[in-house]
Amino acid sequence: MTRFRTLCVAGSPSRGSHTRALVAHIAGLLERRGSETLLADLAELGLPPSHPDHYWSAEPHPDARAREFIAAVRASDALVLGTPVYHSGYSGLLKSAVDLLPSDAFAGKAVALVSHASGPRGSAGACEQLRQVVKALGGWAVPMQVSTVPADFSGELPGGFTSASASGQRTLDEAGPVHARCEELAGQLALFTRAMRRTGAGPLEDRAEVAA
């Protein structure tokens, strides 16, 4: 089985967020499908704000954190982009991180989109907006997308707080209806990533298959 590398980006500014828990859940499902996964939690990375001076520059970004993030995107075969929903849109933190990337950063990569909202209204809109971003960066967003609400997570108390305290140990409820959608999302991402890798060797292309 050809392995592949997935960068899973949690775009919430809050530590221990629902978005991080959702992205981490999908990362685990991808690992069962042969992916090596790396979780990039934007609440912890402390990336610099994007700036027009660096957007079109051919020079490496002057900030080491930005260079590492860009390199991680470049080295991935696939991505998961996760965002909280703010005013029916995706987070400004994720927007700023994406704006650090060169215009071809997603070229040849399949991308899965997920979002979390306090309620169902408008939660899918953030993923639809991200589809345009993925297209602009040369990527291909898989058809399935997943949106969650607090009730989809185990250990939740009224108001979206978690009984696991502030440690951020939220987990998606595998007995709930969203888990099946996450399984389908992970399956699509793995399937399309492998199909795209067959047309050109990627960072984790199986050397034996390439040699054959």
Side-chain angles (χ1 to χ4, degrees), residues 1-12 19-42 45 68-85 89-91 94-95 97-116 123-148 172 178-210:
M1 179 174 62
T2 305
R3 291 182 58 77
F4 60 98
R5 179 184 290 119
T6 307
L7 179 65
C8 302
V9 182
S12 173
T19 302
R20 179 192 170 104
L22 173 58
V23 169
H25 183 77
I26 293 170
L29 298 178
L30 288 167
E31 288 175 354
R32 298 177 196 173
R33 290 164 170 80
S35 176
E36 173 187 312
T37 62
L38 175 65
L39 178 61
D41 188 341
L42 299 186
L45 291 186
E68 291 173 0
F69 179 68
I70 294 168
V73 172
R74 288 287 201 192
S76 67
D77 296 293
L79 294 107
V80 177
L81 299 182
T83 182
V85 179
Y90 63 98
S91 74
L94 181 57
K95 171 62 174 171
V98 167
D99 283 350
L100 292 170
L101 301 173
S103 59
D104 63 347
F106 292 173
K109 304 180 193 297
V111 183
L113 304 173
V114 300
S115 64
H116 175 81
S123 58
C127 289
E128 293 301 324
Q129 293 167 12
L130 284 171
R131 287 186 183 277
Q132 298 301 313
V133 175
V134 171
K135 181 179 179 180
L137 294 178
W140 191 84
V142 301
M144 174 62 72
Q145 62 191 39
V146 174
S147 298
T148 58
L172 190 78
V178 175
H179 174 67
R181 291 181 60 83
C182 290
E183 289 274 16
E184 185 173 353
L185 178 77
Q188 285 187 1
L189 190 65
L191 175 66
F192 292 122
T193 297
R194 289 195 171 98
M196 294 168 80
R197 294 279 65 79
R198 285 196 292 271
T199 65
L204 272 184
E205 189 67 43
D206 185 273
R207 294 179 183 270
E209 290 193 11
V210 173

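Fair warning: this is a prediction, and the values are worked out from it, not measured in the lab.
Annotation: side-chain hydrogen bond (donor to acceptor under 3.5 Å, both in side chains) contacts of Thr19 (sequence neighbours excluded): none.
Contact between Asp41 and Ser12 at its shortest, heavy atoms only, is OD1-O, 4.2 Å. Smallest separation of non-hydrogen atoms from Leu7 and Ala40: CD1-CB, 4.0 Å. Nearest approach of Leu79 to Lys109, heavy atoms of both residues: CD1-CD, 3.5 Å. In terms of heavy atoms, Ala141 sits closest to Leu113 at CB-CD1, 4.0 Å. Nearest heavy-atom pair, Pro102 versus Ile70, reported as atom, atom and distance to 0.1 Å: CD-CG2, 4.0 Å. Pairing each heavy atom of Cys127 with each of Val146, the nearest pair is SG-O, 4.2 Å.
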Show your working on side-chain contact (heavy atoms from CB on, under 4.5 Å) between Leu45 and Leu42 and close with a plain yes or no.
CA-CA 5 Å; Leu45 291 186; Leu42 299 186; 4.0 Å; yes
Using the rule given for side-chain contact (heavy atoms from CB on, under 4.5 Å), can you reason through Phe106 versus Leu81, listing the C-alpha separation, both sets of side-chain angles and the distance that settles it, and then say yes or no?
CA-CA 12 Å; Phe106 292 173; Leu81 299 182; 4.1 Å; yes
Under the side-chain contact (heavy atoms from CB on, under 4.5 Å) criterion, do Leu39 and Arg20 qualify, and how do the steps go?
CA-CA 9 Å; Leu39 178 61; Arg20 179 192 170 104; 3.7 Å; yes
Would you sort out whether Glu183 and Arg32 count as a side-chain contact (heavy atoms from CB on, under 4.5 Å), showing the intermediate values?
CA-CA 10 Å; Glu183 289 274 16; Arg32 298 177 196 173; 4.0 Å; yes
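Remark: the Thr37 side chain and the Thr6 side chain contain no N/O donor-acceptor pair separated by less than 3.5 Å.
Between the CD1 atom of Ile26 and the CG atom of Leu189 there is a distance of 9.0 Å, given to the nearest 0.5 Å. Once rounded to the nearest 0.5 Å, the distance linking OG of Ser35 with CG of Leu29 reads 11.0 Å. With rounding to the nearest 0.5 Å, the separation of CG in Leu30 from CD in Glu36 is 12.0 Å. Rounded to the nearest 0.5 Å, atoms CH2 (Trp140) and CE (Met196) are 7.5 Å apart. Distance check, rounded to the nearest 0.5 Å: CG of Leu22 to OG1 of Thr148 gives 4.5 Å.
Side chain of Gln188 to backbone of Met144: a donor-acceptor contact under 3.5 angstrom is found. When atom types are taken as modelled, the side chain of Thr193 and the backbone of Ala190 share no donor-acceptor pair closer than 3.5 angstrom.
Counting heavy atoms from C-beta outward, Val111 and Leu137 have side chains that stay 4.5 Å or more apart.
Between Asp104 and Arg74 there is a salt bridge, with a side-chain nitrogen of the basic residue lying less than 4.0 Å from a carboxylate oxygen of the acidic one. Arg131 and Glu128 are joined by a salt bridge, as a carboxylate oxygen and a charged side-chain nitrogen come within less than 4.0 angstrom of each other.
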